[in-house]
Amino acid sequence: MSGYKEIALKESCFRPGSTLCPGCMEAIAFQNVGRASDNGKKTVFTIGTSCAEVSTLAFPNVVAWGRGDAPPDDFTKSFAILHNVFESAPTLAEAVRDVSDVLTEIGALEAPVQVMATSGDGGALAIGLRSLLHTIHRRARVTIMVLVNEIFANTGFQYSPATMPYADTSTTPAAGETPGNLEPPLDYVHLAIAAGAEMVAQVSPAHGKLFVKTVERALECRGTAVLFVPAPCISGWKFEDGMTVELALLGARCGVFPAFVWERGKGGSVKDCPREAAERPPVEEFLAAQRRFSHLVRRDRETGAAVVVPGREADVARLRAWVQENVERLYRLGELK
Ligand SMILES: Cc1ncc(C[n+]2csc(CCOP(=O)(O)OP(=O)(O)O)c2C)c(N)n1
Ligand code: SF4
């Protein structure tokens with residue numbers, strides 16, 4: 001494993017030129033994953049249809065991928081990107097793993113490639129849940145990265161199984177008496193553990209060092225490693241430019257998506273998010289920064305305080321209770337070995 005500084009100075013394979021929204025967390029995740037994967041092994045990414053895919057690979061736009069000025073025959077610097085249909089990035093990654101292992105065995109490859117599947121939460125947890133769970137269940141030696149922006153962003157910001165309670169989305173609108181999404185999100189961290197993953201983490205690049213170290217560990221994992229990356233979405237969550245990293249940190253610290261790293265046989269831990277609510281930033285601060293929750297909490301223009309919209313006190317109390325249970329659930333999961 002490399003030191004954090006050493007990784008930070010490596011070459012990312014994700015370069016300027018994408019049409020992702022400026023400041024999109026998906027771009028920040030790719031830049032960091034690109035650096036961590038510049039480790040002397042060829043990398044293969046499989047990418048399901050998502051913002052990350054349509055905004056970086058759409059012909060004839062600039063392709064935002066490439067690694068330095070290495071000549072094409074510098075195999076260890078090279079990487080490949082395989083498009084696949086919306087729902088099957090993990091299955092295709094598994095196929096690449098198998099082919100690479102066979103080619104290595106017969107001497108056609110010097111060393112196996114490292115394989116990473118990338119999808120949005122819609123691709124991984126809604127239409128592609130079967131692909132995700134079966135690849136994990138078969139213990140495929142791949143890294144699966146799920147960029148969790150809690151919506152189907154590129155098709156119009158529809159609800160996904162990862163949407164947090166009370167969020168306004170295009171299919172769970174907050175209108176009149178209806179307070180936005182009423183479904184509790186799928187417990188995807190637990191699901192990945194139960195399906196047989198060797199390593200499961202929930203962490204975004206807002207926790208810079210933890211993120212790249214976790215990606216490094218995932219790439220070295222002997223079984224399936226699943227990384228859920230909370231990805232604040234400027235256009236869907238509706239927040240001010242330049243706040244992506246701040247919001248990702250706040251969401252993690254207040255308990256909406258705490259940083260969590262777990263390994264089979266060792267257990268796991270919640271990072272930077274105390275179990276006691278009183279020791280965490282109030283969830284209202286997280287809500288007030290996004291217009292998808294403006295029916296619940298707004299910022300007072302004079303004082304700057306996050307204020308509950310009159311009549312929504314009971315909804316905000318239920319949301320606080322959900323956040324507490326979310327934190328408790330991850331602390332309990334950390335005890336599993
Ligand atoms: C089988 C199939 N159904 C629907 C679509 C349309 N589609 C493409 S991307 C997408 C949403 C992707 O959402 P998500 O995976 O969360 O990624 P995001 O756009 O949020 O990055 C949908 C519905 C498709 N391409 N293929
Ligand atoms: S819509 Fe959201 S996820 Fe998609 S590119 Fe913009 S900020 Fe990123």
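The model shown is predicted, which means the values in this text are computed figures rather than measured ones.
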**Item:** Output field: ring centroids Phe45/Trp65 closer than 6.0 Å
**Value:** yes

**Value rounded to 0.5 Å, distance of CD1 in Ile47 from CD in Glu53** = 7.0 Å

**Prompt:** Salt bridge or not for Arg35 and Glu11, using N-O below 4.0 Å?
**Reply:** no

**Request:** Answer yes when Asp168 and Arg292 have at least one side-chain N-carboxylate O distance shorter than 4.0 Å, and no when they do not.
**Result:** no

**Residues Arg141 and Gln114: side-chain donor-acceptor under 3.5 angstrom** = no

**Prompt:** Could you give the distance from SG (Cys21) to CD1 (Ile234), rounded to the nearest 0.5 Å?
**Reply:** 5.5 Å

**Residue from His207, Gln202, Glu150 passing side chain to side chain contact (heavy atoms under 4.5 Å, CB included) with Pro230** = Gln202

**Message:** Once rounded to the nearest 0.5 Å, what's the spacing between atom CG of Leu330 and atom OG of Ser269?
**Reply:** 10.5 Å

**Asked** Mind checking whether Leu125 and Phe228 have side chains closer than 4.5 Å, heavy atoms only?
**Response** yes

**Item:** CA sep, side-chain torsions, deciding dist, call: Asn326, Phe257, side-chain contact (heavy atoms from CB on, under 4.5 Å)
**Value:** CA-CA 8 Å; Asn326 197 35; Phe257 37 73; 5.7 Å; no

**Asked** Do you know which two heavy atoms are closest between Pro161 and Tyr159, and how far apart they sit?
**Response** CA-OH, 4.1 Å

**Asked** Quick one: do the Thr91 and Ser131 side chains pair a donor with an acceptor below 3.5 Å?
**Response** yes

**Message:** Quick one: does any side-chain atom of Thr143 pair with a main-chain N or O of Met116 as donor and acceptor, under 3.5 Å?
**Reply:** no

**Item:** Full working for side-chain contact (heavy atoms from CB on, under 4.5 Å) between Val203 and Val229
**Value:** CA-CA 5 Å; Val203 60; Val229 181; over 6 Å; no

**Asked** How far does CG of Leu9 sit from CG of Asp38, to the nearest 0.5 angstrom?
**Response** 11.0 Å

**Item:** Ser100 and Asp98: side chain donor to acceptor below 3.5 Å
**Value:** no

**Prompt:** Tell me, do Ile136 and Ile144 make a side-chain contact under 4.5 Å, heavy atoms counted?
**Reply:** yes

**Prompt:** Are Val309 and Val297 side-chain neighbours, meaning at least one heavy-atom pair lies under 4.5 Å?
**Reply:** no

**Request:** Decide yes or no on side-chain contact (heavy atoms from CB on, under 4.5 Å) for Asn181 and Met164, but give the supporting numbers first.
**Result:** CA-CA 7 Å; Asn181 174 40; Met164 70 176 271; 6.0 Å; no

**Geometric class of the Phe293/His295 ring pair [parallel <30°, tilted 30-60°, perpendicular >60°]** = parallel

**Prompt:** Minimum heavy-atom separation for Arg298 to Ala288, with atom names?
**Reply:** C-CB, 4.5 Å

**Message:** Strictly distance-based, threshold 3.5 Å: is any side-chain N or O of Asn32 a donor or acceptor partner for the main-chain N or O of Ile28?
**Reply:** yes

**Asked** Is there a donor in the side chain of Asn39 and an acceptor in the side chain of Glu216, or the other way round, less than 3.5 Å apart?
**Response** no

**Request:** Could you tell me whether Glu325 and Arg332 make a salt bridge, using a distance below 4.0 angstrom between a side-chain N and a carboxylate O?
**Result:** yes

**Prompt:** To which residues is Phe86 joined in a hydrophobic cluster, defined by side-chain heavy-atom contacts under 4.5 Å among Ile, Leu, Val, Met, Phe, Trp and Tyr, whether direct or through other members?
**Reply:** Ile127, Phe152

**Item:** Non-hydrogen side-chain atoms of Gln290 and Phe286 separated by less than 4.5 Å
**Value:** yes

**Asked** Glu26 side chain to Ala52 main-chain N or O, any donor-acceptor pair under 3.5 Å?
**Response** yes

**Request:** Give me the one residue out of Val148, Leu132, Asp121 that meets side chain to side chain contact (heavy atoms under 4.5 Å, CB included) with Tyr188.
**Result:** Val148

**Request:** Could you pull out the closest heavy-atom pair between Val113 and Leu109, with the gap in Å?
**Result:** CG1-CD1, 4.4 Å

**Message:** Salt bridge or not between Arg299 and Glu285? Use side-chain N to carboxylate O under 4.0 Å.
**Reply:** yes

**Prompt:** If you take all heavy atoms of Ala174 and Pro179, which pair is closest and at what distance?
**Reply:** CB-C, 4.2 Å

**Asked** How long is the gap from SG on Cys254 to CZ on Arg320, to the nearest 0.5 Å?
**Response** 11.5 Å

**Request:** List the steps and the verdict of side-chain contact (heavy atoms from CB on, under 4.5 Å) for Ile81 and Thr56.
**Result:** CA-CA 11 Å; Ile81 296 177; Thr56 64; over 6 Å; no

**Request:** Could you tell me whether the side chains of Gln158 and Thr155 share a donor-acceptor contact shorter than 3.5 Å?
**Result:** yes

**Asked** Can you tell me how far the OG atom of Ser37 sits from the NZ atom of Lys42, to the nearest 0.5 Å?
**Response** 11.5 Å

**Message:** Under a 3.5 Å cutoff, is there a donor and acceptor pairing between the side chains of Tyr166 and Asp315?
**Reply:** yes

**Message:** Quick test of your reading of the model: are Glu328 and Arg275 salt-bridged, counting only N-O distances below 4.0 Å?
**Reply:** yes

